[in-house]
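For the single chain, residues carry numbers from 1 onward in sequence order.
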Amino acid sequence: MIARGKNASDLFPAVVKNVACKNIEVKKLVYVYLVRYAEEQQDLALLSISTFQRGLKDPNQLIRASALRVLSSIRVTIIVPIMMLAIKEAASDMSPYVRKTAAHAIPKLYSLDPEQKDQLIEVIEKLLADKTTLVAGSVVMAFEEVCPERIDLIHKNYRKLCNLLIDVEEWGQVVIINMLTRYARTQFLNPNVNEALLEEGGGGDKTFYGSDEDEDEDEEEKENKAEAAAMAKRKPYVMDPDHRLLLRNTKPLLQSRNAAVVMAVAQLYFHLAPKAEVGVIAKALVRLLRSHSEVQYVVLQNVATMTIKRRGMFEPYLKSFYIRSTDPTQIKILKLEVLTNLANETNISTILREFQTYIKSMDKDFVAATIQAIGRCATNIGEVRDTCLNGLVQLLSNRDELVVAESVVVIKKLLQMQPEKHSDIIKHMAKLTDNIQVPMARASILWLIGEYCEHVPKIAPDVLRKMAKSFTNEEDIVKLQILNLAAKLYLTNSKQTKLLTQYVLNLAKYDQNYDIRDRARFIRQLIVPTEKSGALSKYAKKLFLALKPAPVLESPFKDRDHFQLGSLSHLLNAKTGGYQELPEWPETAPDPAVRNVEVPEWTKCSSREKRKEKKVEKPFYSDSEGDSGPTESADSGNMELWHHHNIFYHM
């Protein structure tokens with residue numbers, strides 16, 4: 001009944017009676033039922049608590065574990081001491097399966113009564129020392145839930161966790177890798193620190209050499225700078241062996257069948273590995289793109305973030321990000337993002353050819369995203385800016401209105417970079433006002449004509465005349481741009497547009513929208529000089545016709561890598577509950593000795609055995625010339641052997 005989703009809570013009293021049953025299979029089923037309904041029927045569960053406590057002493061490990069699981073599912077504060085005692089006993093159990101269940105019970109007890117934290121930390125510390133792979137993942141999960149700030153508990157177990165990692169179950173691997181990523185960021189130095197220093201040094205040199213003009217600069221300061229530079233050269237970065245151990249032991253997991261494990265290793269390498277070694281994760285992530293669309297979505301989100309800082313890593317796999325017609329829209333848009341990030345001078349022609357085919361798609365959201373991607377390629381790679389502009393202008397004659405509208409918006413952004421070269425495009429766009437009905441596109445055209453009205457002095461007044469006719473039927477966003485156009489033309493060409501501007505302002509004065517009435521009142525006071533007009537009207541031209549910086553078309557994934565990759569916070573681009581910040585690298589490495597584990601006395605070999613080892617290790621031939629003894633004895637031994645050989649030969 002439970003498996004089919006039916007409510008079986010009414011049968012609770014009848015099922016609980018069977019806890020005392022001797023049959024192990026029945027007992028297991030009863031415990032499964034109790035875990036499901038213990039929280040809802042707390043009073044009845046409490047009545048049978050003595051039976052669970054007996055179950056904790058059962059010779060069968062599965063029964064002991066199930067009893068503990070049920071006990072920790074009864075969320076009543078009265079039984080916290082009983083639960084605490086049961087967890088402590090289970091943590092010392094002979095069976096690793098029961099110890100694993102104890103680790104699972106720790107976060108449950110912590111959420112029920114946070115005051116038990118100190119006692120639970122003692123249990124976690126004990127379980128962290130466990131050498132079995134079954135327990136490792138569960139106890140690290142408990143550590144993450146209860147005391148993620150207690151990094152000192154990990155020190156002694158760090159190397160053991162690294163070595164066990166390959167044999168832990170998959171979900172345990174994910175938890176351990178994510179925890180070790182944060183641990184490594186607090187304990188080791190940044191492996192790419194030298195590159196960062198060189199970049200800073202490059203900037204520093206310019207100021208250093210450019211300081212010849214300042215004769216007041218002290219000689220001492222110059223010497224100090226030279227010394228600092230020499231120090232930077234003298235101290236090359238050496239990777240901590242423990243840092244290398246983590247990278248070495250996680251690398252094989254890139255072949256895991258579980259996408260979450262591969263993603264966890266990929267984020268570990270991205271956040272911790274030297275730049276030269278990060279490339280190994282690219283192939284594994286590209287392999288995941290053959291999975292279900294949900295997995296693809298998460299992987300592509302992370303790849304899009306990686307390609308901003310480490311573009312070269314995915315360039316060999318460019319074709320893996322080409323879009324298939326069967327891909328869902330959100331996957332298409334993410335692949336488009338990756339292709340745009342990977343675009344450079346060498347591959348841009350291939351990418352633009354690919355984009356041309358995407359524009360013919362039936363998926364309108366995808367087409368709009370493609371046009372924006374073309375715009376971004378044009379801003380990032382100057383060489384293809386004109387090609388992209390011409391391509392977008394050709395799209396203006398497309399039958400699909402949405403394609404035309406999106407092209408207009410992107411062209412507007414591109415024209416802002418060098419408007420004087422492209423007055424013919426502005427003229428061409430002015431003609432489109434008769435046909436395009438999408439409000440955003442109409443508003444963009446009007447803004448362009450107003451902003452660069454001096455480049456199209458004959459066309460601009462005519463556009464205003466047409467717009468004044470249809471003013472009352474336009475959308476609000478378009479009306480605001482008509483007002484802006486009227487104001488700019490009044491300031492630059494008042495002879496032709498004075499009456500038109502006053503007509504438009506009078507229409508706007510009685511508009512239904514408050515913003516439009518307000519804008520009309522503001523513009524009238526600013527540009528039409530009267531006795532009452534204030535000091536600002538002198539600066540009207542500077543206010544309306546000021547030079548505006550060209551927009552920067554950036555990737556929405558630009559600053560997302562401050563969230564740990566693969567986390568929910570990174571996926572949503574917002575900090576979620578329970579997210580732990582990725583720490584910054586330390587300036588100086590903490591003492592690595594904290595990770596050393598003392599070897600117990602009984603494992604150390606005796607002095608006599610050591611002497612034997614030394615004798616074996618000693619080389620037969622001595623390296624130094626002074627020690628002639630061994631070489632002589634060796635020679636005499638060889639002679640003797642040769643003599644015996646001759647005797648046997650003659651016989």
Provide the full list of side-chain hydrogen bond (donor to acceptor under 3.5 Å, both in side chains) pairs with a residue in residues 276-289, sequence neighbours left out, each pair given once. R244-E277
Taking K117 first and then E149, would you say they form a salt bridge - that is, a charged N and a carboxylate O separated by under 4.0 Å? yes
Value for CE (M94) from CD (Q61), rounded to nearest 0.5 Å, stands at 11.0 Å
Atom CD1 in I106, atom CD in Q119: separation rounded to 0.5 Å? 11.5 Å
Which atom names give the shortest non-hydrogen contact between Q330 and Y297, and what distance separates them? CG-CD1, 3.7 Å
Closest non-hydrogen atoms of V80 and Q116, given as atom of the first, atom of the second and distance, are CG1-NE2, 3.6 Å
Is the number of heavy atoms from other residues, nucleotides or ligands within 6.0 Å of NE2 (H292) greater than 12? no
The single option from T346, N344, T307 that satisfies side-chain hydrogen bond (donor to acceptor under 3.5 Å, both in side chains) with E315 is N344
Scanning both residues in full, the closest heavy-atom pair of K156 with V594 reads NZ-O, 3.6 Å
Would you give me the side-chain donor-acceptor pairs under 3.5 Å for residues 261-269, sequence neighbours excluded?
residue : atom : partner : partner atom : Å
Q267    : OE1  : Q564    : NE2          : 3.1
Q267    : NE2  : N178    : OD1          : 3.0
Q267    : NE2  : T181    : OG1          : 3.1
Q267    : NE2  : A264    : O            : 3.0
Y269    : OH   : L247    : O            : 2.7

Within the side chain of N192, is there an N or O that forms a donor-acceptor pair under 3.5 Å with the backbone of K275? yes
Heavy-atom closest contact (V168 atom, Q173 atom, distance): O-NE2, 3.1 Å
Output for pair (F188 CZ, D240 CG), nearest 0.5 Å, gives 5.0 Å
Determine the minimum heavy-atom distance between F563 and Y579, stating which atoms define it. CA-OH, 3.3 Å
